[in-house]
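When a residue number appears, it is its place in the shown sequence, counting from 1. Note: hydrogens, waters and symmetry copies are ignored here, and every other heavy atom, side chains too, is used.
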Amino acid sequence: MSRIRSPKFQAKVMSAADAASFIENGDNVGVAGFTGAGYPKVLPGALADRINDAKAKGEEFRIGLFTGASTAPELDGVLGETGAISYRTPYQSEPAMRNAINAGITDYVDPHLSHTSAQVRQGFLGPMGAAIVEVTAITEDGELIPSSSVGANNVYIDCAEKVIIEVNSWQSEDLEGMHDIYYGTQLPPNNVPIPILAPGDRIGQPHFRVDPDKVVAVVETDAADRNTPFKPLDEDSKAIAGYFIDFLKNEVKQGRIPKSLLPLQSGVGNIANAVLSGLLESDLENLTSYTEVIQDGMVDLIDSGKLKVASATAFSLSPEYAVKMNENAAHYRKSIVLRPQEISNNPEPIRRLGVISCNGLIEADMFGNVNSTHIMGSKMMNGIGGSGDFTRNSYISCFVTPSVAKGGDISCIVPMVSHHDHTEHDVMVIVTEQGIADLRRLSPRKRARAIIEKCAHPDYQPMLLDYLERAEKTTSLHTPQDMTEALSWHARFLETGSMKV
């Protein structure tokens, strides 16, 4: 049976090449996709061919590209390689797009994910010429059944002048009913509270709505999501997970959180997934999650019965677990809710539900400021994503990281971060394989000693203590920081290839 159940939409089925002809030079294009899930698979390649053909003829063809978050080589990769993306927002992680950004070919703007939809609605980022959205199927009534991510699709569909739909038969039809598409969000002064009182509450509808007159093309595909395997757990990851879980248990013991904890948020990546695996081996039960992505570890927690419900906006699964989700979507939709990112990442429910956040970082300084986005202060890595949404608004905000990188030549704990994404005012807990620093109620000088003693690698502890003690003799004792030397570790790495003296 066709996945396109509406005759009106069946009449608009065409090739990807024909559909790409609707994208014009200068368009802002909103596309589906969030952490390698639910992105259009064939339209971006056809659009790249159209762009390259135009360039070969000497014609100008540049577009702005808006996503939910990161996508995959079939989208950010092929379009990044054209050099024709004039503007990119928000989070990205594909090397070709990253290279275009760092080479100055593509202007990149890195907002919090919770801000993106509102700025598109405002028209602040310019008109949305087209939206390209992947769906699982189209209903008889012309509504769109979302696939493995929601992201900002609802907003792009509403705001775009033209809509192109990719119907992907690889995505399980049993995903229908897993999504909760809320249409109550408005711009101030007409906005209203989000009526979520518990992570599993459903407040919207299972489908995207779309004006059929805006739909200019429907394309069919059966291409799989490009999911990335997680690395096997190493001893450092296990140690980090152990410290974090011990911290949570102590919070329970002190009466600061209930035995079932509070809703958990987990950032994307191997360390965050290791923490989830650690929860699986713990004796903690009746857990809930209010997060932005569902990773392998969260699926395992659902299977074990420890995790009762998980709210997110997308999957971020290994290939093995993506197949597992497709084969068992009817079962998992009882425990998983996928929402628009303007809801999953919204500060209001995050704060009210008392979310405990756990995110990764590139580096932290000894006072608790965190850099999540830039290498050596200037080179963009991926973007801030949702980490700011959760860090600033969580009940307890945590960051996890190995203490060193590049074989020990980079310390992930430094005198001063080379770029600030999360300030000391928002960062409560830092965990490395060396230990855990609880920064709550500590003044800056005491935070510095806690981070150095608990989190820094032994190779760098003496250097950090020496720096701190010398700064205490020459600068303010509130936040002792020597401005002539604060970034010398980064300068030394750029000159010699190591932060070590």
Next on the checklist: Run the side chain to side chain contact (heavy atoms under 4.5 Å, CB included) test on M416 and M366 for me, step by step, so that the C-alpha distance in whole Å, both residues' side-chain angles and the decisive distance to 0.1 Å come before the verdict.
Outcome noted: CA-CA 7 Å; M416 177 183 282; M366 59 189 189; over 6 Å; no
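- What you find for E81 and A96 is that their closest heavy atoms are CG-CB, 3.8 Å.
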Checklist entry - Yes or no on salt bridge (charged side-chain N to carboxylate O under 4.0 Å, His left out) for K162 and D27, after CA distance, side-chain angles and deciding distance? => result CA-CA 10 Å; K162 300 164 286 191; D27 275 350; 3.5 Å; yes
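- With 3.5 Å as the limit, one finds a donor-acceptor pair spanning the side chains of S318 and D296.
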Next on the checklist: For a salt bridge (charged side-chain N to carboxylate O under 4.0 Å, His left out) check, start with the C-alpha distance between D158 and R121, then their side-chain angles and the critical distance, and finish with the verdict.
Outcome noted: CA-CA 9 Å; D158 283 352; R121 280 199 179 94; 5.2 Å; no
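- Looking at heavy atoms from C-beta onward, K306 lies out of side-chain contact with L279 at the 4.5 angstrom threshold.
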Next on the checklist: Show, in sequence, the C-alpha distance, side-chain angles and deciding distance for E363 and N371, and conclude whether the side-chain hydrogen bond (donor to acceptor under 3.5 Å, both in side chains) test is met.
Outcome noted: CA-CA 5 Å; E363 62 182 359; N371 168 19; 3.1 Å; yes
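- L113 contributes atom CG, which lies 9.0 Å from atom CZ of F390 (distance to the nearest 0.5 angstrom).
- T82 places no side-chain N or O within donor-acceptor distance of the main-chain N or O of V78, the cut-off being under 3.5 Å.
- The 12-atom threshold is exceeded at NZ of K12, counting heavy atoms of other residues, nucleotides or ligands nearer than 6.0 Å.
- Note on ring orientation: taking the six-membered ring where Trp is involved, the planes of F66 and Y156 are perpendicular (angle over 60°, cut-offs 30° and 60°).
- Contact of the N153 side chain with the L144 side chain is not registered, since no non-hydrogen atoms from C-beta on lie closer than 4.5 Å.
- No donor-acceptor contact under 3.5 angstrom links the side chains of H115 and E342, judged on distance only.
- Judged purely by distance below 3.5 Å, without hydrogens or angles, the side chains of D421 and T373 pair a donor atom with an acceptor atom.
- Shown here are the side chain to side chain contact (heavy atoms under 4.5 Å, CB included) partners of R441, two or more places apart in sequence or in another chain: there are none.
- Scanning all heavy atoms of the two residues, the minimum distance from A322 to W170 falls at CB-CH2, 4.3 Å.
- In this structure, the separation between CG on L43 and CD1 on I23 is 7.0 Å, given to the nearest 0.5 Å.
- In this structure, OG on S316 lies 7.0 Å from CG on N227, to the nearest 0.5 angstrom.
- The salt bridge (Lys or Arg N to Asp or Glu O under 4.0 Å) check on D438 picks up R440, with sequence neighbours excluded.
- Neither side chain, N346 nor S114, offers a donor N or O lying under 3.5 Å from an acceptor on the other.
- The closest donor-acceptor contact from the side chain of R333 to the backbone of E176 lies under 3.5 Å.
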Checklist entry - So Q92 and I101, side chain to side chain contact (heavy atoms under 4.5 Å, CB included) or not? Walk me through it. => result CA-CA 10 Å; Q92 55 74 43; I101 291 165; 3.8 Å; yes
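- In terms of heavy atoms, E134 sits closest to G38 at OE2-CA, 3.3 Å.
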Next on the checklist: Could you go through M380 and H374, starting from their C-alpha distance and side-chain angles, then the distance that decides it, and tell me whether this counts as side chain to side chain contact (heavy atoms under 4.5 Å, CB included)?
Outcome noted: CA-CA 5 Å; M380 172 54 66; H374 286 68; 3.4 Å; yes
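- K41 forms a cation-pi arrangement with Y39, by the criterion of a distance under 6.0 Å to the ring centre and an angle within 45° of the ring axis.
- D225 and S148 form a side-chain donor-acceptor contact under 3.5 Å, judged by distance and modelled atom types alone.
- Inter-residue side-chain proximity for S397 and T391 is flagged as met; some heavy-atom pair is nearer than 4.5 Å.
- How far NZ of K379 is from CD1 of I362: 11.0 Å, rounded to the nearest 0.5 Å.
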Checklist entry - Does the side chain to side chain contact (heavy atoms under 4.5 Å, CB included) test come out yes or no for M298 and L307, once each step is laid out? => result CA-CA 8 Å; M298 215 164 275; L307 183 64; 3.2 Å; yes
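- The number of heavy atoms from other shown groups lying within 6.0 Å of CZ (R202) is above 12.
- With 3.5 Å as the limit, one finds a donor-acceptor pair spanning the side chains of Y321 and D300.
- In summary, the side chains of S403 and T432 do not present any donor paired with an acceptor at a separation below 3.5 Å, with no hydrogens or angles considered.
- With a 4.5 Å cut-off on side-chain heavy atoms, I138 and V167 count as touching.
- Here the CZ-CD1 distance, from R447 to I430, works out to 9.5 Å after rounding to the nearest 0.5 Å.
- L197 places a side-chain heavy atom less than 4.5 Å from the side chain of R352.
- You'll find the side chain of Y91 reaches within 4.5 Å of the side chain of N382, heavy atoms only.
- Aromatic ring centroids of H179 and F208 lie 6.0 Å or more apart.
- Relative to the ring axis of Y182, R339 does not place its NZ or CZ within 45° and under 6.0 Å from the centre.
- By the 4.5 Å heavy-atom criterion applied to side chains, I396 and S394 are not counted as neighbours.
- In terms of the salt bridge (Lys or Arg N to Asp or Glu O under 4.0 Å) criterion, residue partners of E74 (sequence neighbours excluded) are, by chain and number, R226.
- Formation of a donor-acceptor pair under 3.5 Å by the Y108 side chain with backbone atoms of P90 is found in this model.
- Under the 3.5 Å distance criterion, with hydrogens and angles disregarded, no donor-acceptor pair is assigned to the side chains of S443 and H478.
- When side chains are defined from C-beta on, D110 does not count as touching T89, because their heavy atoms never get closer than 4.5 Å.
- With no hydrogens or angles considered, no side-chain donor-acceptor pair links S289 and Q265 at under 3.5 Å.
- Between the CZ atom in F367 and the CG atom in L442 there is a gap of 12.5 Å [rounded to 0.5 Å].
- Side-chain N/O atoms of N191 and Q186 include no donor and acceptor closer than 3.5 Å.
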